[in-house]
Amino acid sequence: MDTLVGTTTPSSVPVTLRKLYFVRFAFAAVWAALLFATAGTLNPLSAALLVVYPLFDVACAVVDARSVDTNAGPVRGLYVNMALSTLTGIGLVAAATSGIPAVLRVWGAWAVTAGLVQLVVGVVRRRLGGQWAMIAGGAISVLAGASFFAQAGKDGATLRNLAGYAFLGGAFFLVSALRLKRTAEDA
């Protein structure tokens, strides 16, 4: 783990992360509401929403990676996250043609792997403050991913739980944004 830790953190990183985390919260809240409203069936709108979410995650990871020194530890985790989210977007396109259980399996795999990455990045960034929410969010993502797998095997599987998952993830970003703000002002 020591190989992931950078020696310096530019002072602009907390400010950039705070803005990014607020955007991620707003996106997650709107996305969750839209998915919840359309989650009764897998239709073109809900399928598009499902694919957009991991692609938005890629875009956020790109912004995040650009905000830190290239020698800083989180960058490697962010690159892993970009790859995972890109593959998930592609996987969801295919899964959407097979039905809700397939979507839940792809989403579950992504939630587990991306949650592990988020947890590691949060641990590496803990000195910035506000990262306990990212660490908790990563751990919860792993558990939620496992539950999506379990739901996929049951009758009456629905996409509604994905909306709740995204909203909760957004809430963790909001908490981190608020904590980073205090950290940046105190510095």
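Below, all heavy atoms of this structure are taken into account, side chains as well, without hydrogens, waters or symmetry copies. In this text, all values refer to a predicted model and were calculated from it rather than measured experimentally.
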Q. Is there a side-chain contact between M134 and V121 (heavy atoms, below 4.5 Å)?
A. no
(Q) Between S46 and T41 (side chain of the first, backbone of the second, donor and acceptor by atom type, cut-off under 3.5 Å), is there such a pair? (A) yes
Q: Using the rule that two of Ile, Leu, Val, Met, Phe, Trp, Tyr join whenever any of their side-chain heavy atoms come within less than 4.5 Å, decide whether L84 and L55 are in one cluster.
A: yes
Q. Are the side chains of L104 and F149 in touch, meaning some heavy atoms are under 4.5 Å apart?
A. no
Q) When the aromatic ring centroids of Y165 and F148 are compared, is their separation below 6.0 Å? A) yes
Q.
Donor-acceptor pair, distance only, cut-off 3.5 Å: does the side chain of T86 make one with the backbone of M82?
A. yes
Q: Dump the intermediate steps for side-chain contact (heavy atoms from CB on, under 4.5 Å) on L159 and T38, then the final yes or no.
A: CA-CA 9 Å; L159 300 172; T38 64; over 6 Å; no
Q: Rounded to the nearest 0.5 Å, what's the gap from CZ on F173 to CG on L17? Could you check?
A: 9.5 Å
Q. Where do A163 and W31 come nearest, in terms of heavy atoms and distance?
A. CA-CZ3, 4.2 Å
Q: Working to the nearest 0.5 Å, report the span between CG of L178 and CZ of F22.
A: 4.5 Å
**Q.** Closest contact, heavy atoms only, S141 versus A111
**A.** OG-O, 2.7 Å
**Q.** ring pair (Phe, Tyr, Trp, His ring centres under 6.0 Å) partners of F56, counting only residues at least two apart
**A.** F27
Q.
Do S67 and L20 make a side-chain contact, defined as non-hydrogen atoms from C-beta onward lying under 4.5 Å apart?
A. no
Q. V175 versus W132: any side-chain heavy-atom pair under 4.5 Å?
A. yes
Q) If two hydrophobic side chains count as joined below 4.5 Å and joins carry through other members, does V52 share a cluster with V23? A) yes
Q: Could you tell me whether a side-chain N or O of S147 sits under 3.5 Å from a main-chain N or O of A144, the two making a donor and an acceptor?
A: yes
Q. Do I90 and Y79 belong together in a cluster built from hydrophobic side chains that touch within less than 4.5 Å?
A. no
Q.
Evaluate L50 against L35 for side-chain contact (heavy atoms from CB on, under 4.5 Å), listing each step before the verdict.
A. CA-CA 8 Å; L50 291 167; L35 184 67; 4.3 Å; yes
**Q.** Atom pair CG (L168) and CG (N161), whose distance is rounded to the nearest 0.5 Å
**A.** 12.0 Å
Q: Kindly indicate whether the side chain of T16, heavy atoms from C-beta on, has any atom under 4.5 Å from the side chain of K19.
A: no
Q.
Around atom CZ of F36, are there more than 12 heavy atoms from other residues, nucleotides or ligands closer than 6.0 Å?
A. no
Q) Would I140 and F172 count as a side-chain contact (heavy atoms from CB on, under 4.5 Å) if you check the C-alpha gap in whole Å, the side-chain angles of each, and the deciding distance to 0.1 Å? A) CA-CA 10 Å; I140 290 170; F172 280 115; 3.5 Å; yes
Q. In the single-linkage hydrophobic clustering (I, L, V, M, F, W, Y; side-chain heavy atoms under 4.5 Å), do L143 and V112 co-cluster?
A. no
Q.
Applying salt bridge (Lys or Arg N to Asp or Glu O under 4.0 Å) as the test, list every pair that has at least one member in residues 45-58; sequence neighbours left out.
A. R24-D57
Q. Do you know the tightest heavy-atom contact between G170 and A28?
A. CA-CB, 3.7 Å
Q: Step by step, work out the side-chain contact (heavy atoms from CB on, under 4.5 Å) result for V106 and T88.
A: CA-CA 7 Å; V106 171; T88 299; 4.2 Å; yes
Q) Is there a path of hydrophobic side-chain contacts, each under 4.5 Å between heavy atoms of I, L, V, M, F, W or Y residues, that connects V51 with V103? A) yes
Q | Side-chain donor-acceptor contact under 3.5 Å, N81 with Q118 | A | no
(Q) Strictly by side-chain hydrogen bond (donor to acceptor under 3.5 Å, both in side chains), give each pair with a member in residues 103-114 just once, sequence neighbours left out. (A) S85-W110
Q: Nearest 0.5 Å please: distance from the SG atom of C60 over to the OH atom of Y21.
A: 10.5 Å
